[in-house]
Structures are given as structure tokens and as C-alpha cells.
Amino acid sequence: MGEPEHDFSDHVIPFYGGVDRRMFAIERRAMDRDGRVVEFLDGALPRARVLDVGAGDGHTAELLSRGGRTVVAMEPDGRMIDRSKDLTWVRGVAQDIPFRDDAFAGAYATWAFFLSGTPDADIEVGVREMDRVVVSGGPLIIIDNAGGDEFTALADHPIAGDGARWERLGFESHIIDTSFRFDTLEEARELIAFYFGEATAAGLDSREIGFRVFAHVGRSGRPGTEG
Ligand SMILES: C[S@@+](CC[C@H](N)C(=O)[O-])C[C@H]1O[C@@H](n2cnc3c(N)ncnc32)[C@H](O)[C@@H]1O
């Protein structure tokens, strides 16, 4: 018997990665190539059982599965799931996490679900769910674009996250300075054309693009208490 098919379609933010695996591989290889985000998460998450919300292909979950930490990779889009990675995979959405209360010592999401453009109501439900499944005092960490950098300047519409929202929810925001560093200028232009159009990509003259990232850190039991 195969695994049951759930219909999460009303709750899922569409993402291209499951359809265009090659382009996603370029993105994941170049984004935060020096591992600054993983380094931050590794320092902030306990060496115990933690949840990755919107794990994509499990890139970050795999890197964080070390030193006594196990990461459960939750992802709604079956096409994103890479079962060749030695992870525990679960299908699920942030708004309805399929685990009991206090099942994890911490939880995080990297550029998944809690993005600018996601309706406030959905974000609040997702935060409450993360809060519920993490033991009191355990870290909840949201990684998102911070803006004010070379990368977000390439877009003709806002693609930075909303720092004030996370402050209101009781999170403390940190900035991580990282970059997209591509293997070649051609790869850089290919991904930037895909995101922002050919004209923007044609103007690129470096295979490295500066990228500032937010790490919003909360504690279970605190977020969502604004009423
Ligand atoms: C930009 S990708 C990031 C993937 C991965 N976290 C990473 O850093 O490579 C966004 C991911 O969020 C997932 N996603 C979309 N809607 C979601 C939801 N409601 N709850 C959890 N994850 C969701 C998508 O399927 C996709 O895999």
C-alpha cells in the first residue's frame, strides 16, 4: 500500500521547485553557499528532536541532522520530497501540523510558508501550530528575506519579509549576512532571469549576489500572545 494522498491544496503556497527540479537545484546550491543560515540554526536549535516546517527537498534538515539532533522534515508537496535523504518525512502544512502537543524540542522554517504575501491570518495559525507542537521554552525560528541587499534590489516588487510582524508576535530578529554564489555567471543569469526576467539577468556581472536574511527567534509559549 502506498501512503495515503492528502489534499492540502487549499493550504499550500505554490512553489516551483517540485516541477522544475533542475532550477531548484541551482537555487539550493547557490543560496547561502557558505552555510551561514545552517550555522545560525545549528547554534540556536537543541540537539534533540526538531521539526522543519516546509522542508522542501530536505537540504537544511539533512545538514542539521547531527550531534544528537534528529530533524523531522514536514513538507506538503510530494514532488519536493527527496527520499534519498536519510530523514523522517511527513506530509503536512504549517496551519495543521500532524503531531501531538509538545512533540518537539524546537521548530524552524526556512523560506517556507511564513513569507511576505502570506495572509496574516494563515501566519498566525501556523505560528500557533508551531507553538503547540514545541515544548514550552523551545525555540521557534523563521528564516526569511531581510531586504536592503543586492538580491532583493533585483526584484521590481517587494520580496522582503515583514520584520515588524515578528516583533509584534514576540520574536527577536537577527540579521544573517550571506549570499547567493553560483558556479558560473551563466547559472546566476539563468536563475535571476527565471525569478526577475531576462532584462534584469542581463545586467548581472558577478556570480555572487549579496543576500541579507532574517532569523526571527521566538520561544514556545510566547508567540501569538498579542490576542
Ligand atoms: C521556498 S521553498 C523552501 C524549501 C526549504 N525550506 C528550503 O529552504 O530549501 C518553500 C516550501 O514551502 C512549502 N510550503 C508551501 N506551503 C506550505 C504550507 N502551508 N506549510 C508548510 N510548507 C509549505 C513548499 O511546498 C516549498 O517546499
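When a ligand or atom number is given, it counts from 1 through the structure's own listing order.
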### Close-range residues for ligand 1, whose non-hydrogen atoms fall below the 4.0 Å threshold
His11, Val12, Ile13, Phe15, Phe24, Arg28, Gly54, Ala55, Gly56, Glu75, Pro76, Asp77, Met80, Val93, Ala94, Gln95, Thr110, Trp111, Ala112, Phe113
### Query
Taking atom types as modelled and ignoring hydrogens, do the side chains of Thr152 and Asn145 form a donor-acceptor contact shorter than 3.5 angstrom?
no
### Summary
side-chain contact (heavy atoms from CB on, under 4.5 Å) filter on Arg189, not counting sequence neighbours, yields Leu185, Ala201, Leu204
### Query
Under the 3.5 angstrom rule, does the side chain of Ser179 hit a backbone N or O of Phe211 as a donor-acceptor pair?
no
### Task
Using distance alone, with no hydrogens and no angle criterion, decide if Asp144 and Trp111 have a side-chain donor and acceptor under 3.5 Å apart.
no
### Message
Testing Glu129, Arg128, His11 one by one against Gln95 for a side-chain contact (heavy atoms from CB on, under 4.5 Å), which residue passes?
### Response
His11
### Query
Hey, are the side chains of Phe180 and Asp32 touching, using non-hydrogen atoms and a 4.5 Å cut-off?
no
